[in-house]
Amino acid sequence: MSSTTLPLKHRAPIRPARVLLHVFLAGTALAWLAPLLWAVFSALRPYSETSAKGYVSWPSTLTFANFTHAFQQSDMLHYFGNTLVIAVPAVLLTLFLSSCVAFYVSRFDFRVNLALLLVFTAGNLLPQQVIITPLYRLYLLTDLPGVTASGKLYDSALGLVLIHVAFQSGFCAFVLSNYMRSLPHELTEAALVDGASVWRLYWQITLPLCKPAMAALATLLSIWIYNDFFWALVLISTGENMPITSALNNLSGQYFTDPNLVAAGSLLTAIPTLIVYFALQRQFVNGLTLGSSKG
């Protein structure tokens, strides 16, 4: 009677290099999360306690009162609306215009294709601080009576929408053009043979195939435009017209600022970006991995 012996599965020995790698990754993740965790810890503590014990101390009281006060004192709902008026048109316009440019340079063979794409991409390489002085004067000189409340391009939501579209279109056109180049040209050729117009090629054939890339770019654009502070600070002068990032100044007094209150307000302003990311998480990841398995 013969007996069979099953081979034992031996675990691979733990290598020191792998241990060091995991320690490094855990330390990096902790260092990345430390400011956020510290902000949450500070926002949950009353200022009277931290001023008496110091911030590096064991908490006696944890409360959400700072979040309530920050929301009410900064009139956050109003500034959320201002940001929505700026971010939504800017994202939609940027995606539409950049997709038009990407469609032109990727699906049609003209001599100026590469030069046109380079011009759009080069706009992202220009530092914002370099053009702020001429742009500020241009906004002051541009009269829009009846279009904006200020009567000028300066101090208006339209001005912020236009500058965001101008600065973000280059990156989006570059990404979308690379993705559209990977689409089969047979689709375009077959549609042309059937008599489809250029607009139908773009709107009904090419654009639906770019949904993963468009969703990934929409996520990035929403976060970038929502978090903008520089353009709003320079091109908006009326406090009522400022977006949410600039409205955090309302939590700072002339002679005293409560850091715990500011931490709570900062965490509240981050909620919409988290909602956008989690809502488009699957499309965002799919958009980032596009082309990773193509030779």
Taking every non-hydrogen atom, the tightest pair across Ala39 and Ala263:
O-CB, 3.8 Å
Do Ser169 and Val101 have side-chain heavy atoms sitting under 4.5 Å apart?
no
Are there more than 12 heavy atoms of other residues, nucleotides or ligands under 6.0 Å from atom CH2 of Trp199?
yes
Relative to each other, are the rings of Phe67 and Phe64 parallel, tilted or perpendicular (30° and 60° limits)?
tilted
Quick check against the 3.5 Å criterion: does Asn66 have a side-chain atom that pairs as donor or acceptor with the backbone of Leu261?
no
Test Met242 against Asn82 for side-chain contact (heavy atoms from CB on, under 4.5 Å), laying out the working first.
CA-CA 7 Å; Met242 287 187 173; Asn82 288 352; 5.6 Å; no
Distance alone, cut at 3.5 Å: any donor-acceptor contact between the side chains of Tyr55 and Asn260?
yes
Would you confirm whether Arg107, through its side chain, and Met180, through its main-chain N or O, come within 3.5 Å as a donor-acceptor pair?
yes
Give the C-alpha distance, both sets of side-chain angles, the deciding distance and a yes or no for side-chain contact (heavy atoms from CB on, under 4.5 Å) between Cys210 and Leu183.
CA-CA 9 Å; Cys210 299; Leu183 299 178; 4.2 Å; yes
For Ile163 and Phe167: C-alpha separation, side-chain torsions, deciding distance, then whether side-chain contact (heavy atoms from CB on, under 4.5 Å) applies.
CA-CA 6 Å; Ile163 195 61; Phe167 261 87; 3.9 Å; yes
When you measure from the side chain of Asn241 to the backbone of Ser237, do you find a donor-acceptor pair of N or O atoms at a distance under 3.5 Å?
no
Do any N or O atoms from the side chain of Thr63 and from the backbone of Ala65 form a donor-acceptor pair under 3.5 angstrom?
yes
Transitive ILVMFWY side-chain link Phe230 to Leu158, under 4.5 Å
yes
Any donor-acceptor pair under 3.5 Å linking the side chain of Glu49 with the backbone of Ser60?
yes
Write down the atom of Ile244, the atom of Thr83, and the distance for their closest heavy-atom approach.
N-OG1, 2.8 Å
Find the distance between CG (Leu192) and NE2 (His185) and round it off to the nearest 0.5 Å.
12.0 Å
Does the Lys152 side chain pair with the main chain of Leu140, one donor and one acceptor, at a distance under 3.5 Å?
yes
I want to check something: taking the side chain as every heavy atom from C-beta on, are Met214 and Leu176 in contact at a cut-off of under 4.5 Å?
yes
Judged by modelled atom types alone, do Arg137 and Thr142 share a side-chain donor-acceptor pair under 3.5 Å?
no
Given Thr269 and Tyr226, is the side chain to side chain donor-acceptor pair (under 3.5 Å) satisfied, shown in steps?
CA-CA 9 Å; Thr269 60; Tyr226 179 89; 5.1 Å; no
List the atom of Trp58, the atom of Lys53, and the distance in Å for their closest heavy-atom pair.
O-NZ, 3.8 Å
Which distance, rounded to the nearest 0.5 Å, do you find between the CG of Leu95 and the CG of Leu207?
9.0 Å
Taking Tyr154 as the fixed residue, which of Tyr139, Trp231, Tyr136 is the one that meets the ring-ring contact (aromatic ring centres under 6.0 Å, His included) rule?
Tyr136
Decide yes or no for Leu135 and Val234: does some side-chain heavy atom of the first lie under 4.5 Å from some side-chain heavy atom of the second?
no
What's the shortest heavy-atom distance between Ala87 and Ile225, and which atoms?
CA-CG2, 3.9 Å
Phe41, Leu33: one ILVMFWY side-chain cluster at the under-4.5 Å cut-off?
no
Establish whether Leu93 and Val175 are linked, either directly or via other cluster members, by ILVMFWY side-chain heavy-atom contacts under 4.5 Å.
yes
Heavy atoms, side chains only, cut-off 4.5 Å: are Thr245 and Asp228 in contact?
no
Measure the CG-CG distance between Leu153 and Leu144 for me, rounded to the nearest 0.5 Å.
5.5 Å
Specify the closest pair of heavy atoms between Ser98 and Ala173, including all atoms of both residues, with the distance to one decimal.
CB-N, 3.6 Å
pair Met76-Leu268: side-chain heavy atoms closer than 4.5 Å
yes
Suppose we call two aromatic rings close when their centres sit under 6.0 Å apart. Are Phe103 and Phe108 close by that rule?
yes
Give the minimum heavy-atom separation between Val165 and Ala90, together with the two atoms involved.
CG2-O, 3.8 Å
Between Phe171 and Trp224, does the side-chain contact (heavy atoms from CB on, under 4.5 Å) criterion hold? Intermediate values first, please.
CA-CA 12 Å; Phe171 172 76; Trp224 291 342; 3.7 Å; yes
If you define the side chain from C-beta out and look only at heavy atoms, does anything of Pro243 sit under 4.5 Å from Tyr79?
no
The reported gap from OG in Ser156 to CG in Leu162 (rounded to nearest 0.5 angstrom) is 8.0 Å
Can Val161 be reached from Phe229 by stepping across I, L, V, M, F, W or Y side chains whose heavy atoms are under 4.5 Å apart?
no
Applying a strict under-4.5 Å side-chain criterion to I, L, V, M, F, W and Y, I'd like to know whether Val88 and Leu97 cluster together.
no
Spatial distance of atom CZ (Arg45) from atom OG (Ser51) [nearest 0.5 Å]
10.0 Å
Would you say the side chains of Thr238 and Asp155 form a donor-acceptor pair under 3.5 Å?
yes
Within a 6.0 Å radius of atom CH2 on Trp203, are there more than 12 heavy atoms belonging to other residues, nucleotides or ligands?
no
Do Ser106 and Arg181 have side-chain atoms, one donor and one acceptor, less than 3.5 Å apart?
no
Distance (rounded to the nearest 0.5 Å) between Ile205 CD1 and Leu201 CG
5.0 Å
